[in-house]
Novice: 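Below is one structure. I have some questions about it.
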Amino acid sequence: MEARAPEWARAFWLRRQMIDHDRQFAVNIRSKRMSYKHNEKYEKSELYRIRHSAAHIMAQAVMEMFPEAKIAIGPPIENGFYYDFDLPRNLTPEDLKAIEKRMRQIIAGRHPFVRKVVSAEEAKKVFADQPYKLELIENLERGSTDEHGNPLDEKPEISFYTHDTFTDLCRGPHVEHTGQINPSAVKLLSVAGAYWRGDEHNPQLQRIYGTAWKTPQELKDHLHMLEEAKKRDHRKLGKELDIFTFDEEVGPGLPLWLPNGGIIIEELEKLAKEIELAHGYERVRTPHLTKEALFIRSGHLPYYAESMYPPMEMEGVRYYIKPMNCPMHHKIFAARPRSYRDLPLRLAEYGTCYRYEKSGELFGLMRVRSMQMNDAHIYCSEEDFEREFMDVIAMYMEYFEIFGIEKYIMRFSTHDKAGLGKKYVDNERLWLKTEDMVRQAMENGNVNYVEVPGEAAFYGPKIDVQVWSAIGKEFTLATNQVDFAVPPRFDLKFKNSRGEDETPLCIHRAPLSTHERMIGFLIEHYAGKFPVWLAPQQVSIIPITDDQNEYTVKLERQLKAEGVRAKADLGSDRMNAKIRAAQKRQVPYMLVVGQREVEAQTVSLRKRDGSRQNGMPVGEFIQMVKERIVTRSPEL
RNA sequence: GCCACCGUAGCUCAAUGGUAGAGCAAUCGCUUCGUAAGCGAUCGGUUGUGGGUUCGAUUCCCACCGGUGGCUCCA
C-alpha cells in the first residue's frame, strides 16, 4: 500500500532550477521588497558602471544638441542602458547616429567622473530649470523613494556625478574616466516613448535605448544573439510552420489557427484532460455570453470593465462576452446545494474568453484578444486549501517536466496597500490571511518563489509562473490564484460536517496558460522543433523514384492506421528536395524508400537532426514512433 | 491607448515623380535520381485603404487600417 505522502512533495526537487541565471536575475528568494529584477552582483560589476556612465555621456550629447532639453532618468538595464528626455522635437534615426558619434568624441576625451555630495538646497539650485530632477530631489529629501520609485528605508545622500560639461543627480557608481569605455563597444539602438515615472497619466518622454559592453567583440556577440533570437520568434516561426495567422479583416489579436496549430491544440487538450482526470477534475462547458448582471455580481465590471468588449443589447438586456469563466463556474457550484462531501469540487474547462487588450499591448500569440484558457476552479474548505493549492503546483511540475521547461520564476503576487479599494477588493484582513496561507503552503512544500507586491488579482493573491519570450519579454505562463472575495458575492455555501453553512475558498488555476500563450511559448521553447507527440506532421515518406510510390502510399496508410501523422510525398521533386522541404518544416522523421527498402520491407530512417538508420524494419519503426508518442517523449 | 518607425506577388526582398521586377512557393511539362534546393515554361501585384498636391503618385502630404520597437497593461 502506498504511503499517502502528499502527491506534490516529489515535485520539489525543483529548488535549484527556479532561477534563470543566464538573465542575471537576482535570487532574493522571499525578500519582501526587492523586485527579482534587481541583481546585486550586476550592480557591482564593471559592466554596470560602464553602462551607467554611457547613459550620462549620451545625456551630455543630447544636451549639446538640445540645450533646452529636460532630462529625466538614465539607468543601466539588462544588456544596456537608457535615458529619458523631454525634447522640443521628436528624434530621428539620423539624430541617433549624430548622438552616437558625439558620444565617441566625449569618450575619447578621457574625462574623469567626479562625485560630489551636496545638500538638497544646493541640488535644487543646480537643477533649477530641470523639473524632473527637482521632483527626484524632493523625493530624495523626503526619503520616500529612489529614482526608480522604489521605497527606501533611510534617507539617502544626495550626490552629483560630473564628467566633462555634464552634471547629473546620481547615486553612481561610474567608471573613473570616460576613457574606460570602449567607444566601439557602445551602440544606440532605438527611440521609444516612455511615461515619466512609468505612469500613463504623466507626460511622455523620449527614451533612447543603448547597449554597451567591454569589448567590440562582446557587442558584436550581443547583436548576433539578438538576430538569433529573432529567428526563433514565434511570430516568424508560426508563419513559416503554418501554425497560425492573423488577418486584417478578422481583427488584431484574433488569431486564426491553421491545421497545424489545430493539431497542437488537440494534443495539448488531450494532455490536459488526462492529467486533470488523474487529479480529480470534472469537465464542464459554459456559454461565451452572459447577462450583465453576472459580471456585476462577480465584481468584474467595476474592476475589469476596461478589458471587456463593450456590451450588446437584446430586448432591453445587456450582454457581455466573457473575459473569464469563473462566474459561470460559480453558478455551476451554486446549481444545487453542496455538502462538504462534494468538496473539493474541481471544475475544468478550456473556456474561450475575449479581452479587449489595448492595441499596443498585443503581441503575436503571447498577448491576444481571443483566447482559450486551461481554466479550472477548485472549491474547497479552508482546511483543504493547502493540499489543493499545492496539488496545482504539483501539476505545474508535471507539465514542465514533460515540456522540459526549466527557465522560469515562481512569482508570489500579493496586494499592496495603495491598491486596496481600487485595484483590489478592500479587505486587508483577508488579504493578509490568504497571503499567509499561500506563503505557508509554499514554505511547507519547500518551493522557491519570489514575492512581488502589487501583482495580485483583484480577488486574491496568486502564484504566477514567469517566463520569457525569445526576444526577452516577460510573460505569465501558468497561474494559481486564491479567491476569497468572489464566493461570498455569489453567496456560495456548503454544509460542513457540523451541519453549518460555510463559504468555500476558490482556487483559479491555469497551469497550461491559454492555448495562445502556451503555443507561442512552446514554438520558441522548441525553436519550432516540436517533440514527436506535438509535431503537426510526424513522418514524411519519400520515395526515391516513382517505382516506390505504391510502397510509399502503403506505408502512409499503415502509419495512419496506427495513429501516426504521416504523409507520403509523391511530388515530382527529387528526393533531395523533398528531404529539404521536410527538414524546413521540422518533420521529426523522414522515411526514404528506394528499391532496396521495397524488397526488404524496410525503411531508411532519417531524423531531422540528420542522423540516419538504414534498413529499419517497418514494424520496428512503427513501434518506436508509437512509443515516443504515447510517452510524450522528448527524444527524437 | 501613447511615442517612434514600417507596409511592394503566398513568402523573402529590389526599383522609380512618367502606373513595378528577382528568388522561393504555386501550376504544367520534362527528369526517375540514395539523404538539405534537377531543368524549363506558366501564373501571380489597382504597390495596405481612402483622400490631397501634381500634367502625371506606387514614390510627396494628410487621415485611417495593420504590423514592429518601447511605455502603460496582462493569461
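Below, chain A is the first sequence line, B the second, and so on; all start at residue 1.
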Novice: A/F244 vs A/F246 aromatic rings, parallel, tilted or perpendicular, using cut-offs 30° and 60°?
Specialist: perpendicular
Novice: Measure the distance from OH on A/Y304 to C1' on B/C74 and round it to the nearest whole Å.
Specialist: 7 Å
Novice: Classify the nucleic acid contact of A/N614 as base, sugar-phosphate or nothing, counting any heavy atom under 4.0 Å across all strands shown.
Specialist: base
Novice: Does A/R51 count as lying over the ring of A/F81, i.e. NZ or CZ under 6.0 Å from the six-ring centre, within 45 degrees of the axis?
Specialist: no
Novice: Among the candidates B/A75, B/G66, B/U32, find the nucleotide nearest to the side-chain atoms of A/E248.
Specialist: B/G66
Novice: For A/K239 and B/A25, what is the distance between atoms NZ and P respectively, to the nearest whole Å?
Specialist: 18 Å
Novice: Is a donor-acceptor pair below 3.5 Å formed from side chain A/T514 to base B/A75, judging by atom type as modelled?
Specialist: yes
Novice: What nucleic acid atoms does A/G610 come within less than 4.0 Å of, heavy atoms only: base, sugar-phosphate, or nothing?
Specialist: nothing
Novice: Dump the pairs, protein N or O against N or O of nucleotides 61-64 of chain B, anything under 3.5 Å, distances to one decimal.
Specialist:
none

Novice: Give the rounded distance in Å between these two atoms: CG of A/L254 and P of B/G66.
Specialist: 10 Å
Novice: A/F475 vs A/F363 aromatic rings, parallel, tilted or perpendicular, using cut-offs 30° and 60°?
Specialist: parallel
Novice: Quickly work out the A/Y354 OH to B/C74 C1' distance and round it to whole Å.
Specialist: 18 Å
Novice: Tell me: CZ of A/R369 to P of B/G1, nearest whole Å?
Specialist: 7 Å
Novice: Would you state whether a donor and an acceptor, one from the side chain of A/Q204 and one from the base of B/C2, lie under 3.5 Å apart?
Specialist: yes
Novice: Between B/G34, B/G38, B/C71, which nucleotide has the shortest distance from any of its atoms to the side chain of A/M575?
Specialist: B/G34
Novice: Closest approach to the side chain of A/K358, judged atom by atom: which nucleotide of B/G1, B/C11, B/G34 is it?
Specialist: B/G1
Novice: Taking the side chain from A/N260 and the backbone from A/L241, do they hold a donor-acceptor pair closer than 3.5 Å?
Specialist: yes
Novice: Indicate, with a heavy-atom threshold strictly under 4.0 Å, whether A/A577 touches base, sugar-phosphate, or nothing.
Specialist: sugar-phosphate
Novice: Rounded to whole angstrom, note down the C1' distance from B/A9 over to B/G70.
Specialist: 32 Å
Novice: Return no unless some side-chain N or O of A/R235 is found under 4.0 Å from OP1 or OP2 of B/U68.
Specialist: yes
Novice: Expressed in whole Å, how much space separates the C1' atoms belonging to B/G45 and B/A20?
Specialist: 8 Å
Novice: For A/S359 and B/G1, is the shortest distance between a side-chain N/O and OP1 or OP2 below 4.0 Å?
Specialist: yes
Novice: Checking A/R369 against A/Y356: charged group under 6.0 Å from the ring centre and within 45 degrees of the axis?
Specialist: yes
Novice: Do A/Q595 and A/Q548 meet the criterion of a side-chain donor-acceptor pair at a distance under 3.5 Å?
Specialist: yes
Novice: For B/A36, take OP1 and OP2 only and decide whether either is under 4.0 Å from a side-chain N or O of A/R606.
Specialist: yes
Novice: Is a side-chain donor-acceptor pair under 3.5 Å present for A/Y132 with A/D86?
Specialist: yes
Novice: Given the structure, check if the side chain of A/Y356 and the base of B/G1 hold any donor-acceptor pair shorter than 3.5 Å.
Specialist: no
Novice: Any side-chain N or O of A/R574 under 4.0 Å from OP1/OP2 of B/G38?
Specialist: yes
Novice: Does the side chain of A/R585 come under 3.5 Å of the side chain of A/Q537 through a donor N or O and an acceptor N or O?
Specialist: yes
Novice: Please tell me which of A/E516 and A/D199 maps to the more 5' nucleotide of RNA chain B, matching each residue to the nucleotide holding its nearest heavy atom.
Specialist: A/D199
Novice: What nucleotide among B/G67, B/A75, B/G69 has an atom nearest to a side-chain atom of A/A192?
Specialist: B/G69
Novice: Can you name the side-chain contact (heavy atoms from CB on, under 4.5 Å) partners of A/D483, sequence neighbours left out?
Specialist: A/H330, A/Y459, A/A485, A/V486, A/P487, A/C506, A/H508
Novice: Using a heavy-atom cut-off of 4.0 Å across all strands, would you classify A/S572 as base, sugar-phosphate, or nothing?
Specialist: base
Novice: Test your reading of the model: is there a side-chain donor-acceptor pair from A/N202 to the backbone of A/R197, 3.5 Å cut-off?
Specialist: no
Novice: Taking the side chain of A/Q583 as its heavy atoms from C-beta onward, which of B/G34, B/A36, B/A75 lies nearest to it?
Specialist: B/A36
Novice: Closest approach to the side chain of A/E361, judged atom by atom: which nucleotide of B/G70, B/U72, B/A36 is it?
Specialist: B/U72
Novice: Is any side-chain N or O of A/K584 closer than 4.0 Å to OP1 or OP2 of B/A25?
Specialist: no
Novice: Can you find a side-chain donor-acceptor pair between A/T286 and A/E349 that sits under 3.5 Å?
Specialist: yes
Novice: Using atom P in both nucleotides, what's the gap between B/U68 and B/C13 to the nearest angstrom?
Specialist: 14 Å
Novice: Kindly indicate whether the side chain of A/F403, heavy atoms from C-beta on, has any atom under 4.5 Å from the side chain of A/L271.
Specialist: yes
Novice: Do A/R367 side-chain and B/C73 base share a donor-acceptor contact under 3.5 Å?
Specialist: yes
Novice: Once the angle between the rings of A/H300 and A/Y304 is folded into 0 to 90°, is it parallel (under 30°), tilted (30 to 60°) or perpendicular (over 60°)?
Specialist: perpendicular
Novice: So does A/E357 reach the base of B/A75 with its side chain, donor to acceptor, closer than 3.5 Å?
Specialist: yes
Novice: A/L205 has an atom CG; how far is it from atom C1' of B/C71, in whole Å?
Specialist: 10 Å
Novice: If I pick the C1' atom on B/C61 and the same atom on B/G17, what distance separates them, to the nearest angstrom?
Specialist: 14 Å
Novice: If the C1' atom of B/C71 is compared with that of B/U8, how far apart are they to the nearest Å?
Specialist: 31 Å
Novice: In whole angstrom, give the distance that lies between atom NZ of A/K236 and atom P of B/G67.
Specialist: 18 Å
Novice: Do we see a donor-acceptor contact under 3.5 Å between the side chains of A/D569 and A/S540?
Specialist: no
Novice: Could you check A/E597 against A/V191 and say which one's nearest nucleotide on RNA chain B is further toward the 5' end?
Specialist: A/E597
Novice: Looking at B/C24, I'd like to know if its phosphate oxygens (OP1 or OP2) sit under 4.0 Å from a side-chain N or O belonging to A/R580.
Specialist: no
Novice: What integer number of Å spans the P atoms of B/C24 and B/G51?
Specialist: 38 Å
Novice: Which part of the nucleic acid, if any, lies within reach of A/Y209 when heavy atoms closer than 4.0 Å are counted: base, sugar-phosphate only, or nothing?
Specialist: sugar-phosphate
Novice: Work out how far the C1' atom of B/G52 is from that of B/U72, and round it to whole angstrom.
Specialist: 35 Å
Novice: Looking for any heavy atom pair under 4.0 Å, which part of the strands does A/M373 touch: base, sugar-phosphate only, or nothing?
Specialist: nothing
Novice: Taking 4.0 Å as the cut-off, does a side-chain nitrogen or oxygen of A/N90 come that near to OP1 or OP2 on B/C3?
Specialist: no
Novice: How long is the line joining NZ of A/K423 and C1' of B/C74, in whole Å?
Specialist: 11 Å
Novice: Which dot-bracket notation, 5' to 3', represents the base pairing of RNA chain B when pairs are defined as Watson-Crick or G-U with both distances under 3.5 Å, crossing pairs as [ ], and inter-strand pairs as |?
Specialist: (((((((..((((....[..)))).(((((.......))))).....(((((..]....))))))))))))....
Novice: Please give the distance between the C1' atoms of B/G10 and B/A25 as a whole number of Å.
Specialist: 7 Å
